[in-house]
Peer 1: 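Please find one structure pasted underneath; my questions will follow.
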Amino acid sequence: MEGRCAVETWAQFGFSGGSYKVKILCGFGTDVLICTGTEEIYVFSKRERKITTVLLLPAAVNDLVGNQDKQLIYVACRSGVYRVNLQFLLHRDQSSQADASSSPAELKISQECLVVGADEVSSLLLVGSVLLTLCQRDASWLLTLYKTPKQTASTSHKEFGSFNLPVVSAVDCGAAESNRGPRKGSVLICIHSGDVEASSPSNASAESTVAQDHFHLEPLLFKLLFGVEAALAKSPVILCGLPDGRLCFLPLRLPGSCLRVLHSLEQPVCFVGASVVTETGHAQCLVAAGEQGRVALIKTDKAGPEGGSAVAAFTEGCVPGPVWCGCMDKSCFYYSTGADLLRLDLLEGSFARESKERGEETSGMTAAALQSPSSLNVCRVIALAEPACSTAGDVQLLGVSARGQLQRICLPAGRVDEGSSKLPSTQVSRSVRDLLSAIGDVCERASVLKTVIKSKNQFLRLLNHAVSVSFLLMADTTTDLPIKEKPIRCHFETSWSRLLQKDSLSLVCFLHNSSPFVLERGWMLSITVSPLSYSSSPAGESSSTNFSFPFHDLRPGQTFEASLPIAAAGDASFPMTVSCSLIFSLSSLLGEEEVAASFAGLQSSCISLPLSTLTVDWLHALQLNSPTATHKMATVQPSSAAADSIQTFLSSRQLRCSGRTNRGGESAAKPEPEKYSASVWVSSEIVRDTLKPKKSSNLDAKESIRDPEDLCLSLLERLLSEDTEGVKMGCQGDKIALSTSVAHARGPNGAAMKLSVKEINVGEEESTDKEATIEVQIESSSLAAVCGLHHAVLRRIQTLLQSATEKAASTKNVQILGLRRALQRAEIQQSQISGAFGEVVSTVQRDRLLLSVYQELRRNPLLIV
């Protein structure tokens, strides 16, 4: 392992990120506790190499400390400090050893474990039977002391002291750092004097607690820093590193003591410790590190200024930063910058040797050495535990990476001899291998980052594309462009098909992409079909139907075609409203798992952009009969007219039961079904000028349209084939049946219908000046068919008149043709309706009266001029 640095991943946690609250707590045998800054604390077993237990705290964890003898840990949360007994965790582990594949046990810590009710405690420290908490209260830092009970079962923690220190304004670097993340935490450690006996109470208290927060300083440096009184009282000293850069101390057992400032780094303090340990176990150097890389080394200068007595020497320097976390062993300071793990050698002998050669001061050489730490080629470490040295001399670090991995880092066993100028070939080959391995790691990280950047760029491109399409369609809604001029538009065609001896009406949607954008993954076409006038079902459900068609790669100039069934034979729920919209879904673009992980709450979010709203009426749903079918219709009843056949059969059965048929088996006369009709009158001149060919201006074309028969035939063809609001009849082969201005068809409800167009003269009976009028007449034995087709014809005539020129509409003055008789009929009909609702009549008589009024209105329309 000499000259090499190996990293072994032990466990993977369920978090990722660079939280400053991640902490590793060792000292409980083979168990390691890891705090991730969330509500969870993981217990990892080194023996089993797995996570055995997960502690669930009521709130996010800020800090934790432990007591080895009593197997206790204290956890600082936002809601207070909790005490957890780890003995039952050991029993839980022993009971689960038989099942090696079992998942970690989850133990929820209840409010019964709350021992201190202080909020927002940032740091904890346990010194023997004293628990210290540090938190910020308004304009001061508050350090509070609690007496812990001797009995483990007791939860009484009595406060017996508190110390305040005013908060100062944040330094520049700290303020800049606070803008990039959460407020930084504080640091608490305990310093003991080196001349304290192992059997003394203070040393015993230090040994009973976890040692990574306790350091033994040589007696002379301890006295120079904290005073003679603290040294004589053999009092432990509490060191506080604050986010404003101050390093404060408090002698714990010295009466009348207070918090005092020892030094200021002028940047948030992230680590405080002691190193350069002698054979007696006393540290000769106190180290404080700031987040931006400023390091303060505090040592004893035995020569003193001008040959005087010994003093404490403060040496400041800057190491490559930032400093994310750190730890110390007997001679080195290990810290992570996020991009690399560095080692800084603090042995005074190496500094003194070079200073003697150059004739410089030791402190000056120390500051220069701070700028050149050695790299260990381990990246993205966010937490470190106290180093452990093996019998072979290897140094092992325990760390947590930004990806949530617990790693064991084995460092090289020795140092390179400073006096040697030539390395052995074996060591050179190892160095080359180390460099190649480091290059491979960098390439792997670069490849991963390149993939992530490419994925993010693709996602941003698709989002930008979606926003551009949204603005394009939103601009069309304000300009009120015709359907054919819109960049993304829809039109429909209706067609009848027969499947399994059953007719059904299909609607074929054509979406034209004339925009400069590609409709790709994430976009879909949504079509909602609903009756124009409908009532909800008894269960409260709407009768509308929604269809969705995702796009894969619809490029500019291409057309997307989709077919959807809208009605079966016998369905009379016409007219129908068809609404088209484009929908952009975030979940279909990224995937549901990625949306749930990165964009919580957006799983069902989407962008809906309306395209158009169309109407499918009875004219679109007609089935035109060929001439052969029209001829046969008078003698043979078609199979699709199921309703008329059943009605005829029932009528014949009623006549036979009443004895009105012959017993010899002769058929009764087939009763003729009642016929209903409705008419629309339009001025012939308006129709002629409107149907005039737009591109043909020769005299023959103008004369041909003046023939009344041709005019009626042209109007009928226009009614049946016109593209109204983007919907037209898809099957145009039935134009052969339009040899005359009479069309026989079958409606969507299966009823036979007749649509005829002829020219008549309308005017007063005694007047010789009559108006040439085109009459469009609808006839059928189904009242619903007559009403639906009459509504569709009126919509076509309205669209036709909108295209008429103002000159054509005003060629003749508006005449009061039949207006007097229409008013007289209206007065009579009004009296009939009032009588029907005012007098006591039966429901059947009232329905017949209202039906006769309705038929009268449809048979005698007003003239459209």
Side-chain angles (χ1 to χ4, degrees), residues 4-24 34 36-38 42 173 176-182 184 270 291-293 319-326 334-343 373-384 397-411 431-467 520-522 586-600 602:
R4 298 180 61 85
C5 183
V7 178
E8 181 182 0
T9 300
W10 277 0
Q12 175 71 49
F13 304 107
F15 82 101
S16 62
S19 174
Y20 69 93
K21 297 180 181 179
V22 179
K23 185 174 181 179
I24 306 174
I34 298 97
T36 62
T38 62
Y42 299 90
C173 60
E177 185 68 20
S178 63
N179 293 333
R180 293 192 299 239
K184 298 302 178 184
C270 65
E291 288 183 358
Q292 302 302 314
V319 297
V323 178
W324 282 17
C325 59
Y334 304 92
Y335 73 96
S336 172
T337 63
D340 199 359
L341 182 63
L342 303 176
R343 178 176 61 187
S374 58
S375 173
L376 299 177
N377 296 322
V378 181
C379 66
R380 301 184 65 81
V381 177
I382 60 175
L384 287 170
L397 300 178
L398 201 60
V400 176
S401 69
R403 296 180 181 178
Q405 296 176 342
L406 180 64
Q407 298 175 341
R408 184 181 69 171
I409 306 170
C410 298
L411 307 183
S431 300
V432 172
R433 286 197 299 270
D434 292 340
L435 289 176
L436 292 177
S437 177
I439 293 173
D441 293 340
V442 172
C443 291
E444 183 180 356
R445 295 197 300 269
S447 177
V448 173
L449 291 176
K450 185 178 179 180
T451 304
V452 172
I453 293 173
K454 184 178 180 181
S455 176
K456 290 184 177 180
N457 289 339
Q458 176 72 5
F459 177 59
L460 290 176
R461 184 188 68 82
L462 293 176
L463 282 183
N464 182 46
H465 170 80
V467 172
E520 47 189 340
R521 183 166 55 96
L586 184 63
S587 60
S588 62
L589 179 64
L590 288 178
E592 296 182 358
E593 295 181 357
E594 189 171 353
V595 171
S598 304
F599 306 93
L602 295 181

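Just so it is clear, the values below take in all heavy atoms, side chains as well, and ignore hydrogens, waters and symmetry mates. Throughout, residue positions are numbered sequentially from 1 according to the sequence presented.
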Peer 1: Considering only heavy atoms from C-beta outward, does the side chain of Ile409 approach that of Leu341 to under 4.5 Å?
Peer 2: yes
Peer 1: Quick one: CG on Leu406 to CD on Gln12, what's the gap to the nearest 0.5 Å?
Peer 2: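 Going from CG on Leu406 over to CD on Gln12, the span is 10.0 Å.
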Peer 1: Which heavy atom of Val323 sits nearest a heavy atom of Cys270, and at what distance?
Peer 2: CG1-SG, 3.5 Å
Peer 1: Between Asn457 and Ile453, is there a donor-acceptor pair closer than 3.5 Å when you use the side chain of the first and the backbone of the second?
Peer 2: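 Yes.
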Peer 1: Look only at the side chain of Ser336 and the backbone of Ile382, and say whether a donor-acceptor pair between them is shorter than 3.5 Å.
Peer 2: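 Looks like no, no N/O pair under 3.5 Å.
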Peer 1: Please report the C-alpha distance between Leu342 and Val319 in whole Å, then the side-chain angles of each, then the deciding distance to 0.1 Å, and finally whether the side chain to side chain contact (heavy atoms under 4.5 Å, CB included) criterion is met.
Peer 2: CA-CA 10 Å; Leu342 303 176; Val319 297; over 6 Å; no
Peer 1: Tell me if a side-chain donor or acceptor on Glu291 pairs with a main-chain N or O of Gly321 at a distance below 3.5 Å.
Peer 2: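 No.
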Peer 1: Got a donor-acceptor contact below 3.5 angstrom from the Thr451 side chain to the Ser447 backbone?
Peer 2: yes
Peer 1: How long is the span from the CD atom in Gln405 to the CZ atom in Phe13, to the nearest 0.5 Å?
Peer 2: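 So the CD of Gln405 and the CZ of Phe13 are separated by 10.0 Å.
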Peer 1: Measure the spacing between OH of Tyr334 and CG of Leu397 and express it to the nearest 0.5 Å.
Peer 2: 6.0 Å
Peer 1: Could you tell me which non-hydrogen atom of Cys325 sits nearest to which non-hydrogen atom of Val381, and how far apart they are?
Peer 2: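 Shortest heavy-atom separation between Cys325 and Val381 comes out as SG-O, 3.9 Å.
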Peer 1: Decide side chain to side chain contact (heavy atoms under 4.5 Å, CB included) for Ile34 and Val400; before the verdict, give the C-alpha distance in whole Å, the side-chain angles of both, and the deciding distance to 0.1 Å.
Peer 2: CA-CA 9 Å; Ile34 298 97; Val400 176; 4.1 Å; yes
Peer 1: Could you check whether any side-chain heavy atom of Tyr335 comes within less than 4.5 Å of a side-chain heavy atom of Pro373, counting everything from C-beta outward?
Peer 2: yes
Peer 1: Just verifying a value: how many Å separate Ser401 OG and Arg380 CZ, rounded to the nearest 0.5 Å?
Peer 2: 8.0 Å
Peer 1: Is it true that a side-chain atom of Asp340 and a backbone atom of Cys379 form a donor plus acceptor pair closer than 3.5 Å?
Peer 2: no
Peer 1: When rounded to the nearest 0.5 angstrom, what distance separates OG1 in Thr9 from CZ in Arg408?
Peer 2: 11.0 Å
Peer 1: To the nearest 0.5 Å, how far apart are CG in Leu463 and CD in Gln458?
Peer 2: 10.5 Å
